[in-house]
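Everything below concerns the one structure shown next.
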2 protein chains.
Amino acid sequence: MGRKSLKESRQPEIIKAFYKLAKREGLENASIAKTAALININPSLIIHYFQTREQLVSALIEFILERYLQIFKTPTISEEDPKKRLLTVIDKLFSHKWNILFDDSVAYSCYSMVFRDKKVKAKFKVVLDQLRHNLEAMIKDANEAGEMNVADPARAADMVFVIVDGAYYYLSLESNKDEYRKKLEFYKQQAIQQLNLYAYETIPG
Amino acid sequence: MGRKSLKESRQPEIIKAFYKLAKREGLENASIAKTAALININPSLIIHYFQTREQLVSALIEFILERYLQIFKTPTISEEDPKKRLLTVIDKLFSHKWNILFDDSVAYSCYSMVFRDKKVKAKFKVVLDQLRHNLEAMIKDANEAGEMNVADPARAADMVFVIVDGAYYYLSLESNKDEYRKKLEFYKQQAIQQLNLYAYETIPG
DNA sequence: AAATTAATTGAATGTTCGTTCAATTTATTT
DNA sequence: AAATAAATTGAACGAACATTCAATTAATTT
């Protein structure tokens, strides 16, 4: 008996507010007090749900990493043709929505913890590997459907993400929208080329 | 008359201590008081030389960015053959010393400010562009010496750095030393391939 | 040695921080 | 309506923070 727990709704609400604040002012300036003020609750309530700021940050990291994986959990998957499906994912990786995930002060701040916190490092590793494995599986599907012939799907998938990560690292500094668009398109073509490097068959534009 | 300024020696000393501390505890936990304690001076002295913590961080960013450019300011340049010189730089980019610059919590924390501070963004842009221009110049030299024929040196240089940045973003999560070494070598080969993509002549291993 | 200027210290400031704890409110069950 | 358990508040804590200011020390010049 007694009151029902509100954890499942309150915790995400707090994490989202914390994230919003961190985006605005930087993770290092995102405090419990400010977060509480943002959603009109008492700071103690945040401690009630997360015990320490450290655990709140930990929850934030998981929140961010979950978003990364969502690229494989969208209507894309419903695409019937394996090669089309693959190219749709590549499209998405170099699209505006995916940009937003990378043009993100908070994500880089979280990433910086990788060097001081083994658990954070492990979390990031799991997600980045998952992304690679998912893409690898799609490449294999396209191979088996006879639509492509990538000799080493694992390495190809790896390289695609290396290009994605390296591309946004540089693109986030580009203020000129037109330059941004052009470069993004160039990097996308480079990523697609990775699927051709070992391919006997070329992908029609 | 009066006492001579010690700025030129004191400022770097303070920046280095601040950097050391930031590496150990994270930039967000690196305070003026702790930095002062580290080199046995009074906290006020740091304010004397930098006025605010913000300016100290700004100096730290410049310190870090200067180190990036040093890859082109080493004995490498003395190499007589343009192609050898180019490959030596590629070697360095995927070497242990360059690793250290990237396996660095502080650099990513600084980078995260890019999204909230236009000046920081501009600073990073200048340095990343400089790196690309330097490499582009070396590719052109090798082209003109008739040793290579890279059709688009600017894009090739860009791609090399995209691969470097993307590679370390993933590699920094790899704890297994053997895996790390293997993957680093693979990425290096991919970078070298970028110089061959448009080349009529292949580079002998 | 007197004057000058920067280096350096030390005490003090007000602010914000994360966290604790007891008290109160609110929802749910018996 | 009584019992229960979680939600929520509000006051309070000490710690650490960046920064200030005046006082002192140390080097350099005339």
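Chain naming here is simple, since letters A, B, ... match the order of the sequence lines and numbering starts at 1 in each.
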Checklist entry - Taking CG from B:Asn42 and P from D:dT24, how many angstroms apart are they, rounded to a whole number? => result 15 Å
Next on the checklist: Taking 4.0 Å as the cut-off, does a side-chain nitrogen or oxygen of B:Tyr49 come that near to OP1 or OP2 on C:dA6?
Outcome noted: no
Checklist entry - Given that B:Gly2 and B:Asn40 both sit by DNA chain C, which one's nearest nucleotide is further toward the 5' end? => result B:Gly2
Item to check | Closest nucleotide among D:dG10, D:dA7, C:dA7 to the A:Arg3 side chain | outcome: D:dA7
Checklist entry - How many Å lie between CD1 on A:Ile46 and P on C:dT20, as a whole number? => result 15 Å
Checklist entry - Does a nitrogen or oxygen in the side chain of B:Arg10 sit under 4.0 Å from OP1 or OP2 of C:dT8? => result yes
Next on the checklist: On the side chain of A:Thr52, is there an atom forming a donor-acceptor pair with the base of C:dG18 - under 3.5 Å, no angle test?
Outcome noted: no
Item to check | Spacing between B:Glu8 atom CD and C:dA6 atom P, to the nearest angstrom | outcome: 15 Å
Do any N or O atoms of the protein come closer than 3.5 Å to N or O atoms of nucleotides 12-17 of chain D, and which pairs are they?
{"from": "D:dC17", "atom 1": "OP1", "to": "B:Ser31", "atom 2": "OG", "distance (Å)": "3.0"}

Next on the checklist: Under a 4.0 Å threshold between the charged nitrogen and the carboxylate oxygen, would B:Asp129 count as salt-bridged to B:Arg132?
Outcome noted: no
Item to check | Non-hydrogen side-chain atoms of B:Gln130 and B:Phe72 separated by less than 4.5 Å | outcome: no
Next on the checklist: Both A:Lys4 and B:Gln51 contact DNA chain D. Taking the nearest nucleotide for each, which residue is further toward the 5' end?
Outcome noted: A:Lys4
Item to check | Atom-pair distance (NZ on B:Lys7; P on C:dT8), nearest Å | outcome: 13 Å
Checklist outcome for this item: Of D:dG10, C:dT9, D:dT20, the nucleotide closest to the side chain of B:Ile47 is D:dT20
Next on the checklist: Heavy atoms only, 4.0 Å cut-off, all strands: where does B:Leu6 land among base, sugar-phosphate and nothing?
Outcome noted: sugar-phosphate
Checklist entry - Is A:Glu179 salt-bridged to B:Lys125, cutoff N-O under 4.0 Å? => result no
Next on the checklist: What is the separation between atom CD1 on A:Ile39 and atom C1' on D:dT9, rounded to the nearest whole Å?
Outcome noted: 14 Å
Checklist entry - Any salt bridge between A:Glu144 and A:Lys140, counting N to O under 4.0 Å? => result no
Checklist entry - Among pairs that include at least one residue of residues 60-70 of chain A, which meet side-chain hydrogen bond (donor to acceptor under 3.5 Å, both in side chains), considering only residues two or more places apart or in two chains? => result A:Glu62-A:Lys123
Checklist entry - Of the nucleotides D:dT9, C:dA7, D:dC21, which one has an atom closest to the side chain of B:Leu45? => result C:dA7
Next on the checklist: OP1 or OP2 of D:dA5 versus the side-chain N and O atoms of A:Ser5: is any pair under 4.0 Å?
Outcome noted: no
Checklist entry - Cut-off 3.5 Å, side chains only: do B:Glu185 and B:Gln189 have a donor facing an acceptor? => result yes
Next on the checklist: Quick test of your reading of the model: are A:Lys183 and B:Asp158 salt-bridged, counting only N-O distances below 4.0 Å?
Outcome noted: no
Checklist entry - In whole angstrom, what separates B:His48's NE2 from D:dT25's C1'? => result 13 Å
Item to check | Between P of C:dA6 and CD1 of B:Ile41, the distance in whole Å | outcome: 18 Å
